[in-house]
Amino acid sequence: MSNVSAQNADYLFMIENAIKAPSGHNTQPWLFKIYDSEIDIYPDSTKSLPVVDPDNRELFVSLGCATENLCIAASHKGYRADVTITDNGVIKIMLSQDSLNMASSLYPQIPIRQTNRSVYNGKIVPDDSIALLKSVGTETCIGVHFVKNGTPEYQAVSEMVYRGNSIQMNDKKFKEELRQWMRYNKKHQNETKDGLSYAVFGAPNIPRFIAKPIIAGAINGNSQNKNDKKRIESSSHFILFTTSKNTVEQWINLGRTLERVLLKTTEMGISHAYLNQPNEVSELSLEMAKKLGISNEYPTVLIRVGYGEKMPYSLRRNIESCILPVGTESNK
């Protein structure tokens with residue numbers, strides 16, 4: 001194999017790992033361009049969520065997660081990765097072979113990391129494990145705050161999740177957008193290889209004409225709060241990720257930090273899932289920051305962690321659908 005073809009295989013390997021990153025509603029909002037010594041990541045506006053994520057904040061967080069996976073995979077292949085972010089949110093990753101570059105211990109966790117929406121077993125993560133998670137490196141201007149189950153702060157954040165559900169589930173446009181990304185059975189899931197699969201929620205594989213009205217009927221505030229109450233009570237901690245400013249660069253850097261924490265939890269046998277409702281409703285976001293004593297920060301991503309049984313994995317689209325030929329314009 002020539003050096004050029006070997007390098008191209010390495011770059012495809014990096015992208016294969018990048019697309020295993022999490023994204024809102026599993027939209028997979030990324031596009032890649034491959035150059036001689038560079039991979040660029042573009043936002044894909046056709047995969048945006050204009051109702052729940054009108055500023056594309058969560059979209060850029062997802063691109064940051066993909067960036068971190070790509071950089072970790074690059075290290076695994078013996079490359080140094082240097083990241084720069086343009087004003088319009090294009091992520092440029094310069095790659096150079098580096099025999100001294102140390103492979104990350106987080107690399108093996110990339111294919112097995114998953115968002116686990118199940119009810120956990122109620123066990124509290126030990127303090128020494130929390131200390132390890134707190135030691136994970138963060139990007140500049142990113143805050144990571146741990147809130148333990150049983151504290152007044154945990155109860156306060158829980159109440160904001162429930163209020164967020166009530167607000168969002170009374171928004172017809174929110175529910176319409178959510179339904180657009182629901183995948184109602186195995187056939188539907190395999191056709192798109194994206195979206196919110198029936199399997200990750202523990203639903204049965206039944207005909208779509210039966211599943212659709214059942215799931216649609218379950219999308220309401222009372223049902224969501226009832227289910228989230230069980231999930232929250234079974235969890236050990238909330239982890240809240242914040243930025244010092246609401247900028248694209250900081251959202252991407254938050255995504256890189258978030259992915260490191262998610263991979264570290266995976267390595268430690270700790271499950272995670274998102275409860276981002278308080279961050280998606282602006283008045284709740286401001287109130288939560290005030291209650292947690294971080295009024296100078298912007299709450300951006302909220303997850304819960306604990307111990308749960310493995311769930312089915314969300315699918316990913318084929319890598320070919322995510323790669324733009326050099327010289328073409330992205331649909332950003």
Side-chain angles (χ1 to χ4, degrees), residues 6-7 9-23 30 32 39 41 61-84 91 93-116 120-121 123-146 235-241 252-274 301 303-311 313-314 316 319:
Q7 177 179 283
D10 287 346
Y11 286 10
L12 291 175
F13 171 86
M14 296 173 202
I15 295 172
E16 285 272 16
N17 281 277
I19 65 175
K20 291 181 171 69
S23 57
W30 37 64
F32 301 84
I39 299 175
I41 306 179
V61 168
S62 299
L63 297 191
C65 292
T67 299
E68 188 61 22
N69 276 2
L70 195 151
C71 291
I72 291 170
S75 295
H76 182 75
K77 285 291 186 179
Y79 288 81
R80 174 189 170 93
D82 294 298
V83 177
T84 58
I91 303 163
I93 305 169
M94 303 300 298
L95 297 159
S96 55
Q97 290 186 318
D98 183 358
S99 60
L100 299 177
N101 201 35
M102 297 292 290
S104 171
S105 65
L106 297 179
Y107 166 73
Q109 311 311 318
I110 292 175
I112 62 174
R113 183 213 60 80
Q114 67 171 186
T115 302
N116 187 329
Y120 300 160
N121 67 9
K123 181 181 176 183
I124 297 296
V125 177
D127 290 344
D128 57 348
S129 295
I130 294 296
L132 277 176
L133 292 176
K134 288 181 176 180
S135 71
V136 172
T138 60
E139 295 293 306
T140 305
C141 299
I142 306 305
V144 184
H145 306 278
F146 291 74
S235 301
S236 171
H237 287 71
F238 289 127
I239 309 178
L240 177 65
F241 296 79
I252 291 169
N253 284 332
L254 185 147
R256 296 192 66 185
T257 301
L258 169 65
E259 187 68 353
R260 288 177 203 145
V261 172
L262 299 184
L263 294 175
K264 190 64 177 178
T265 61
T266 303
E267 184 180 50
M268 298 167 67
I270 298 169
S271 300
H272 66 267
Y274 295 88
V301 171
I303 65 172
R304 64 184 177 98
V305 297
Y307 297 99
E309 297 294 326
K310 282 285 186 181
M311 295 288 286
Y313 281 81
S314 299
R316 294 294 186 272
I319 187 174

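Not measured: the values here are computed from a predicted model.
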Asks: Which atoms form the tightest heavy-atom contact between Tyr120 and Val305, and what is the distance?
Replies: CE1-C, 3.8 Å
Asks: Which heavy atom in Ala73 sits nearest to a heavy atom in Tyr107, and how many Å separate them?
Replies: CA-CD1, 4.3 Å
Asks: Is there a side-chain contact between Ile303 and Leu262 in this structure, where contact means two heavy atoms from C-beta onward sitting under 4.5 Å apart?
Replies: yes
Asks: For Arg80, I'd like to know if atom CZ has over 12 heavy atoms of other residues, nucleotides or ligands within 6.0 Å.
Replies: no
Asks: Walk me through whether Lys20 and Arg113 qualify under side-chain contact (heavy atoms from CB on, under 4.5 Å).
Replies: CA-CA 8 Å; Lys20 291 181 171 69; Arg113 183 213 60 80; 5.9 Å; no
Asks: Strictly by modelled atom types, are Tyr313 and Lys310 linked by a side-chain donor-acceptor pair under 3.5 Å?
Replies: yes
Asks: Contact between Arg256 and Val83 at the side-chain level, heavy atoms closer than 4.5 Å - yes or no?
Replies: yes
Asks: For a side-chain contact (heavy atoms from CB on, under 4.5 Å) check, start with the C-alpha distance between Tyr79 and Asp98, then their side-chain angles and the critical distance, and finish with the verdict.
Replies: CA-CA 5 Å; Tyr79 288 81; Asp98 183 358; over 6 Å; no
Asks: Under 4.5 Å between any side-chain heavy atoms of Glu259 and Pro22, yes or no?
Replies: yes
Asks: From Ile112 CD1 over to Leu263 CG, what is the distance, rounded to the nearest 0.5 angstrom?
Replies: 9.0 Å
Asks: Do Met268 and Leu133 have side chains that get closer than 4.5 Å, going by heavy atoms?
Replies: yes
Asks: Identify the two heavy atoms, one from Ser23 and one from Ser62, that lie closest to each other, and give their separation to 0.1 Å.
Replies: CA-OG, 3.2 Å
Asks: Are any of the side-chain heavy atoms of Thr115 and His272 separated by less than 4.5 Å?
Replies: yes
Asks: Can you tell me how far the CD atom of Gln7 sits from the CG atom of Leu12, to the nearest 0.5 Å?
Replies: 11.0 Å
Asks: Calculate, to the nearest 0.5 Å, the distance between atoms CD1 and SG belonging to Ile19 and Cys65 respectively.
Replies: 14.5 Å
Asks: Would Glu16 and Phe13 count as a side-chain contact (heavy atoms from CB on, under 4.5 Å) if you check the C-alpha gap in whole Å, the side-chain angles of each, and the deciding distance to 0.1 Å?
Replies: CA-CA 5 Å; Glu16 285 272 16; Phe13 171 86; 5.6 Å; no
Asks: Determine the minimum heavy-atom distance between Tyr307 and Gly269, stating which atoms define it.
Replies: CD2-O, 3.5 Å
Asks: Would a 4.5 Å heavy-atom cut-off, applied to side chains only, mark Lys264 and Val261 as touching?
Replies: no
Asks: Starting at CD1 of Ile130, measure out to CZ of Phe146 and round the result to the nearest 0.5 Å.
Replies: 5.5 Å
Asks: Using 0.5 Å steps for rounding, measure from the OG atom of Ser104 to the CG atom of Asn69.
Replies: 10.0 Å
Asks: With side-chain contact (heavy atoms from CB on, under 4.5 Å) as the test, would you mind laying out the steps for Ile124 and His237 before giving the verdict?
Replies: CA-CA 8 Å; Ile124 297 296; His237 287 71; 4.3 Å; yes
Asks: Short question: side chain of Asn253, backbone of Gly64 - any donor-acceptor pair under 3.5 Å?
Replies: no
Asks: So, the side chain of Ser271 versus the backbone of Gly308: is there a donor-acceptor pair under 3.5 Å, distance only?
Replies: yes
Asks: Supply the atom-to-atom distance Leu106 CG to Ile72 CD1, rounded to the nearest 0.5 angstrom.
Replies: 5.0 Å
Asks: Heavy-atom count check: over 12 atoms from other residues, nucleotides or ligands less than 6.0 Å from Asp128 CG?
Replies: yes
Asks: Counting distance only, does the side-chain N/O of Thr138 pair as donor-acceptor with the main-chain N or O of Thr257 below 3.5 Å?
Replies: no
